[in-house]
Amino acid sequence: MEPFPVGRASFGPSRLAADELWRRAVELIEDERADVAGRAVSPPIDVAHLRTVIGGYDFARPAPAEDVLGAVAELLRTATVHTTHPRYFGLFNPTPTPLGVVGETLAAAFNPQLAAWSHAPAAAEIEAHLLRFLGGRLGYPAEAVAGSFTSGGAEANHTAVLLALTRTWPRYGTDGLRALPGRPVMYASAESHLAWLKIAHATGLGRDAVRLVPTGSDLRLDGARLAALVAADRAGGDLPFLVVATAGTTAAGAVDPLHDLADLCRDQGLRLHVDAAYGGAAALSDRLRPALAGIERADSITVDAHKWLSVPMGAGAFLCTDAAGLAETFRVTASYMPADVPDTVDPYTSGMQWSRRFIGLKLFLSLAVAGRAGYAEQLDHDAELADLLRARLAGTGWEIVNDSPFPVVCFADPGDGTRAHHDALARTVVDGGRAWISPVELAGRPALRACVISHRTTSADVEELVRAVNDARG
């Protein structure tokens, strides 16, 4: 076996040495895929030991590549919450598809520069094709879809705010907020992802410009309360401009009333953005797609492929039908950039990032090989497992406290409704390594949350989760 070179020579190893390195890397990846189900979902962590091991790499001397690979794989095995585990019922972190992992590798190896179309025609056209496909499934005219792949939902949602500000007040792009006659304010559900606060901070709106609208008992944004807030803000001199609906809230999987909110925005002259980072994947399933009815009326939509579409993080997407608005928001002219190619769009002129990774490849490969029908089958299977989980929990005395078309199950112990009790139950399950769930509060009510998010999860894993929470309850 030819050793992998060290020092400067490691940048250009021989084919034989590189093949041997890849063989070892694939072996480690496949070992993890085969063995993860037999490990604790969340291993105990010794922080001091972890830092000592990592700190041993002072980079003063080169180390053998195989030794480093093996050591890092061991760190990841022993000091990671295994989101690829079939009993990870946690946040929207899925087990990535094998083609998604291959896509990440190809994107890194070819390293296309996705700023200018002329530098990466294949990559740019693959992403544009994917955006048209996703937009078409969500109800937009496919030929009119514009947008970009993003690092994740936060960047996509940030894009939505910038586009809304630019389209509502054209002077915002050049003169900033000082050019406006008052303070812009925006609205989102109190159950929405609170990245909106960071986005408001970053755009200069200020966190107080985000109005978190109370929800009804169904955990969906309350349209009557929204209308009252808009009226009060206008009366007070503020400038309402954007309503955010969520299609699949993080805590409970709730879908806000999209048609009602679209009607309100039309009547009030407001823009509507739908954060479908999680729930947007349902557009690929004919069974689940009706839960998104009305999303096609939104001015813009966020979808995260690294959530329910099961590709490696990060992979968000921003979708709209306003190519001119995106160009107005992001276009820049720089002498060092390649000249425009007719009938193409340079990605850096329609999104936040300049140089960026070929994000869409992992989704393209996964979709091309599984097909939409394959994805639909998996999404429907997840929803069926969630139905099984609800039934098993209800049958053993738990109260189901959310109503979602998606596989997010929130449940409470009717014998003790305190936050401390539910926190302790979740901690017992997680520390035992049998599954990963989280405590949550829904409109102030403590509960436990489990989401079926891994394509490896089976009915046996659901049954084990039910046993684990019942054992924790005692």
Donor-acceptor contact present, side-chain D346 to main-chain Y348, <3.5 Å: no

Beyond-backbone contact of R297 with L258, side-chain heavy atoms, under 4.5 angstrom: no

Any side-chain donor near an acceptor of the partner, H193 and D275, under 3.5 Å: no

Donor-acceptor contact below 3.5 Å, side chain R132 vs main chain A142: no

Side-chain touch N93/Y88, heavy atoms, less than 4.5 angstrom: yes

Test: R419 and D423 ion pair at under 4.0 Å: yes

Listing, residues 219-227 side-chain donor-acceptor contacts under 3.5 Å, not counting sequence neighbours, or none:
residue	atom	partner	partner atom	Å
R220	NE	V255	O	2.6
D222	OD1	A224	N	3.0
D222	OD1	R225	N	3.1

NE2/H455: more than 12 non-hydrogen atoms of other groups inside 6.0 Å: yes

R456 side chain vs T84 backbone, donor-acceptor pair below 3.5 Å: yes

D299 vs D322, side-chain contact (heavy atoms from CB on, under 4.5 Å): CA-CA, chis, key distance, verdict: CA-CA 8 Å; D299 293 291; D322 186 8; over 6 Å; no

Intermediate values then yes/no, ring-ring contact (aromatic ring centres under 6.0 Å, His included), F358 and F110: CA-CA 9 Å; F358 183 10; F110 283 88; 9.5 Å; no

Audit row: H82, E32, side-chain contact (heavy atoms from CB on, under 4.5 Å) steps and yes/no: CA-CA 10 Å; H82 294 294; E32 174 64 15; 3.7 Å; yes

Close side-chain approach of T457 and D382, heavy atoms under 4.5 Å: no

For P184 against L205, the heavy-atom pair lying closest together: CB-CD2, 3.7 Å

Any side-chain heavy-atom pair of R390 and F411 under 4.5 Å: no

Residue pairs involving residues 327-345 (criterion salt bridge (charged side-chain N to carboxylate O under 4.0 Å, His left out); sequence neighbours excluded): none

Smallest separation among heavy atoms of T246 and S192, with atom names: OG1-CB, 3.6 Å

Minimum-distance pair of heavy atoms, taken over all atoms of A251 and C410: O-SG, 3.2 Å

Nearest-0.5 Å distance that lies between atom OG in S285 and atom CZ in R137: 8.5 Å

Lys/Arg N to Asp/Glu carboxylate O, R356 vs E127, below 4.0 Å: yes

Contact check, side chains of L242 and Y187, non-hydrogen atoms, under 4.5 Å: no

Plane angle bin for H273 and F318 - parallel if under 30°, tilted between 30 and 60°, otherwise perpendicular: parallel

R357 CZ to S151 OG distance, which is reported to the nearest 0.5 Å: 12.5 Å

Beyond-backbone contact of R271 with F241, side-chain heavy atoms, under 4.5 angstrom: no

Donor-acceptor contact present, side-chain E377 to main-chain Y375, <3.5 Å: no

D403, CG: over 12 other non-hydrogen atoms inside 6.0 angstrom: no

Show me the donor-acceptor pairs within less than 3.5 Å that the side chains of residues 359-369 make with the rest of the protein, sequence neighbours left out.
residue	atom	partner	partner atom	Å
K362	NZ	E104	OE1	3.3
K362	NZ	E104	OE2	3.3
K362	NZ	P312	O	3.0
K362	NZ	G314	O	3.2
S366	OG	T97	OG1	2.7
S366	OG	G100	N	3.4
S366	OG	K362	O	2.8

Ionic contact status for R434 with D461, cut-off 4.0 Å: no

R87 side chain reached by F89 side chain, heavy atoms, under 4.5 Å: yes

Contact check, side chains of M186 and W196, non-hydrogen atoms, under 4.5 Å: yes

